[in-house]
Amino acid sequence: MPRRVAVLISGRGSNMVSLIEAASAPDFPAEIALVLSNRPDAAGLERARQAGIATAIIDHKDHPTREDFEQAMDAVLTEHGIEFICLAGFMRVLTDWFVERWAGRMINIHPSLLPLFRGVHTHRRALEEGVLIHGCTVHFVVPELDAGPIIAQAAVPVIPGDTEESLAARILVQEHSLYPQALRMISDGSARLENGRVVFSESWNSEGALRSPT
Ligand code: GAR
């Protein structure tokens with residue numbers, strides 16, 4: 001049986017779309033059973049509806065405290081029989097209570113090669129620092145922001161003349177293939193969290209390198 005997954009969004013939802021598309025393949029080990037947004041105006045909600053996915057809005061502004069907001073989210077997730085959560089541009093910081101409740105079952109995509117550039121404005125900061133390789137990371141969520149054990153990463157070169165926008169676009173292409181790959185790995189058990197580390201059951205070819213400039 002495919003694992004039941006909720007995608008949590010706050011905005012346009014392009015990563016959500018890539019997860020929905022990947023999960024529509026018959027052999028994919030997960031199904032997107034719910035898209036949940038904390039913002040009623042998130043553009044991704046309409047895209048999820050068009051794909052025939054159940055949607056829910058839990059507006060954080062309707063809840064007096066973070067805990068109250070998260071209890072409401074948790075109730076909807078439970079109601080839909082959700083087993084795994086993918087944060088995809090979900091821009092609310094989660095409490096330890098929620099993170100621990102979903103420990104080993106909640107992943108996030110972050111637009112940098114963690115542990116570099118935790119937090120926001122990752123592309124601006126990468127350009128300011130002058131790094132020549134940048135990228136994206138999928139990781140298990142832990143209470144500390146953007147600090148969880150890493151499941152998968154993709155790297156791209158930073159090119160002379162890059163702007164925040166051009167760099168973001170180059171990385172987003174990679175996000176869209178990396179996130180479905182990581183969801184597949186946690187859903188079929190080939191990557192799992194054990195004692196705070198990711199244990200992989202896959203083998204891979206370690207000979208290739210991304211070098212910039214080539
Ligand atoms: C993505 O680039 C994602 O990596 C980033 O927000 C964007 C959401 O785009 N996430 C974070 O910055 C989380 N801290 P999307 O709504 O089109 O998927």
Side-chain angles (χ1 to χ4, degrees), residues 5-24 30 32 34-51 53 55-60 66 70 73 84-95 98-99 102 106-129 131 133-156 158 162-186:
V5 172
V7 184
L8 271 52
I9 63 168
S10 299
R12 77 189 151 177
S14 72
N15 276 291
M16 172 207 76
V17 169
S18 74
L19 293 169
I20 291 172
E21 283 173 358
S24 70
I32 308 306
L34 179 69
V35 168
L36 189 159
S37 174
N38 66 306
R39 293 184 56 120
D41 60 349
L45 282 170
E46 187 48 38
R47 301 174 81 177
R49 285 184 203 113
Q50 280 166 8
I53 311 284
T55 59
I57 298 165
I58 311 278
D59 190 341
H60 59 279
R66 218 175 263 282
E70 291 178 355
M73 282 205 301
F84 287 107
I85 295 175
C86 292
L87 304 180
F90 184 72
M91 301 314 253
R92 302 299 296 169
V93 173
L94 297 164
T95 68
F98 190 85
V99 171
W102 289 91
M106 176 160 57
I107 63 177
N108 178 47
I109 188 153
H110 181 77
S112 78
L113 289 173
L114 290 171
L116 289 173
F117 311 122
R118 292 176 180 167
V120 295
H121 305 308
T122 56
H123 308 312
R124 185 187 311 168
R125 287 155 60 208
L127 289 171
E128 281 166 6
E129 294 289 351
V131 298
I133 294 176
H134 187 37
C136 52
T137 302
V138 179
H139 62 93
F140 282 107
V141 178
V142 297
E144 192 182 343
L145 194 66
D146 301 330
I150 292 171
I151 302 163
Q153 294 187 300
V156 301
V158 181
D162 258 338
T163 61
E164 271 185 71
E165 290 71 30
S166 64
L167 194 49
R170 189 174 310 119
I171 289 171
L172 197 62
V173 171
Q174 298 304 318
E175 292 186 36
H176 293 166
S177 66
L178 192 71
Y179 213 179
Q181 180 195 336
L183 177 58
R184 173 185 284 278
M185 290 165 73
I186 65 160

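Remember, predicted model here, so these are calculated numbers, not experimental data. Atoms within a ligand are numbered from 1 in the order they appear, just like the ligands themselves.
Residues Phe84 and Trp102 come closest through the heavy atom pair N-CZ3, 4.5 Å. A pairwise comparison of heavy atoms in Ser10 and Arg39 identifies O-CD, 3.3 Å as the closest pair. The minimum heavy-atom distance between Ile32 and Ile20, with the atom names listed, is CG1-CA, 3.9 Å.
The salt bridge (charged side-chain N to carboxylate O under 4.0 Å, His left out) search around Glu164 returns Arg124, not counting sequence neighbours. The ring pair (Phe, Tyr, Trp, His ring centres under 6.0 Å) search around Phe117 returns His134, not counting sequence neighbours.
Side-chain contact annotation: Thr122 with His110, donor-acceptor N/O pair under 3.5 Å absent.
Annotation for ligand 1: atoms under 4.0 Å from non-hydrogen atoms of Gly89 are 6 (O), 8 (C). Atom numbering of ligand 1 starts at 1 in the shown order; those under 4.0 Å from a heavy atom of Ser14 are 15 (P), 16 (O), 17 (O), 18 (O).
Taking only non-hydrogen atoms, the option from His110, Glu175, Arg118 nearest to atom 3 (C) of ligand 1 is Glu175.
Counting only heavy atoms of the protein, atom 10 (N) of ligand 1 lies nearest to Ile109 O, 3.7 Å. Considering only non-hydrogen protein atoms, atom 11 (C) of ligand 1 sits nearest to Pro111 CD, 3.7 Å. Atom 7 (C) of ligand 1 has as its closest protein heavy atom Arg12 NH2, 4.2 Å.
Looking at ligand 1, you'll find an N or O of Gly13 within less than 3.5 Å of one of its N or O atoms. Checking only distances, Asp146 never comes within under 3.5 Å of ligand 1, N or O to N or O.
Comment: Arg49 engages Glu46 in a salt bridge, judged by a side-chain N to carboxylate O separation of less than 4.0 angstrom.
Ligand 1 lies nowhere less than 4.0 angstrom from a heavy atom belonging to Ile9.
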